[in-house]
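The figures here come from the full heavy-atom set of this structure, side chains too, leaving out hydrogens, waters and symmetry mates. Note that the structure is predicted; figures quoted are calculated from it, not measured.
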Amino acid sequence: DNAKKTYTEITVEKLNEMFDNRSSEAGVAKENMDQIRNMMGQVADSFSVTKIGPGETIAGYATEKYLIKGPMEMEIYAAPSLKLPALYYDAMKMRVPRNPMFDTSKLYDEMKKINGLPLKTTTTMKMMNMEMTSTTVVTSVEKASIPATTFEVPAGYKEVPMKF
């Protein structure tokens with residue numbers, strides 16, 4: 001919190017524990033969420049990743065094409081030469097808010113099967129007889145060292161406990 005010059009530290013394990021101990025999703029009872037999901041046409045809560053084969057060259061990198069099926073469908077073109085850290089998708093689970101329509105943590109667990117950094121993603125979502133498609137494409141990749149100072153707590157900042 002730059003305004004208060006404070007920061008908080010928490011482990012991924014502790015954060016997961018805090019999320020898992022919540023008694024409901026987004027403050028809505030499970031029975032109500034099931035009704036909402038059914039009405040919206042989002043009753044499936046599982047995902048599968050299938051490697052399709054070679055993909056396009058994107059930003060100068062050869063890619064492999066993957067298909068994710070579940071409550072939404074995704075085509076992903078990943079560059080195997082651009083390796084991701086082992087905990088990348090676990091970190092993504094922390095970054096993305098919980099979705100009341102499906103369990104995003106299951107999506108990111110399944111995405112661990114993807115070899116390399118996704119450079120193009122096309123997502124198609126069908127809901128209430130409507131379809132939305134969005135595509136994101138990386139246009140350039142820059143490789144550089146990250147100085148250790150990037151992760152240092154700024155001078156004058158005070159550690160405070162996590163609040164929810």
Side-chain angles (χ1 to χ4, degrees), residues 1-16 18-19 25-26 40-42 44-128 130-157 159-160 162 164:
D1 184 335
N2 289 322
K4 296 179 182 176
K5 292 196 171 195
T6 61
Y7 70 98
T8 301
E9 291 184 11
I10 189 167
T11 64
V12 171
E13 293 79 17
K14 182 67 176 169
L15 196 54
N16 275 329
M18 292 170 74
F19 282 129
E25 298 176 67
M40 301 292 278
Q42 300 293 315
D45 209 18
S46 64
F47 295 89
S48 65
V49 170
T50 305
K51 183 177 175 181
I52 303 300
E56 309 167 8
T57 298
I58 300 171
Y61 292 89
T63 65
E64 297 173 342
K65 183 178 178 181
Y66 293 84
L67 179 63
I68 297 179
K69 289 197 172 202
M72 62 184 167
E73 194 167 285
M74 299 169 76
E75 284 184 353
I76 294 181
Y77 294 80
S81 63
L82 298 172
K83 299 295 180 196
L84 291 173
L87 293 175
Y88 176 79
Y89 288 111
D90 291 328
M92 290 298 292
K93 284 194 278 189
M94 298 296 116
R95 189 176 150 268
V96 176
R98 295 226 172 186
N99 185 322
M101 300 311 295
F102 55 84
D103 187 348
T104 53
S105 67
K106 291 180 181 178
L107 170 63
Y108 288 115
D109 286 341
E110 191 67 12
M111 288 179 76
K112 291 176 183 179
K113 296 177 182 175
I114 295 171
N115 181 21
L117 179 69
L119 296 181
K120 178 179 177 182
T121 304
T122 299
T123 304
T124 302
M125 187 112 177
K126 296 176 184 176
M127 194 176 346
M128 298 180 71
M130 294 177 14
E131 184 175 300
M132 286 188 309
T133 300
S134 65
T135 301
T136 57
V137 182
V138 170
T139 57
S140 66
V141 175
E142 181 180 327
K143 295 181 182 182
S145 298
I146 300 173
T149 56
T150 301
F151 303 101
E152 291 177 3
V153 175
Y157 277 60
E159 185 174 3
V160 296
M162 170 78 71
F164 277 101

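The structure places CD1 of I114 at 4.0 Å from CD1 of I68, a figure rounded to the nearest 0.5 Å. The structure places CG of L107 at 11.0 Å from OG of S46, a figure rounded to the nearest 0.5 Å. Atom CE of residue M74 and atom CE of residue M125 lie 10.5 Å apart, to the nearest 0.5 angstrom. Put simply, CD1 on I76 and OG1 on T123 are 7.0 Å apart, with the number rounded to the nearest 0.5 Å. The NZ atom of K51 lies 13.5 Å from the NZ atom of K113; values are rounded to the nearest 0.5 Å. The distance from atom CD1 of I58 to atom CG of L117, rounded to the nearest 0.5 Å, is 10.5 Å.
Looking at heavy atoms from C-beta onward, E75 lies out of side-chain contact with I52 at the 4.5 angstrom threshold. V138 places none of its side-chain heavy atoms less than 4.5 Å from the side chain of P118. Using a 4.5 Å heavy-atom cutoff, the side chains of F47 and P71 are in contact. Side-chain contact between K120 and T122 is present, with at least one heavy-atom pair separated by less than 4.5 Å.
A donor-acceptor contact shorter than 3.5 Å links the side chain of E110 to the backbone of V49. For the pair Y88 (side chain) and K83 (backbone), a donor-acceptor distance under 3.5 Å is absent.
With sequence neighbours left out, N2 forms a side chain to side chain contact (heavy atoms under 4.5 Å, CB included) with Y157.
For the pair K112 and Y89, the cation does not sit on the ring face, since its NZ or CZ is not both under 6.0 Å from the ring centre and inside 45° of the axis.
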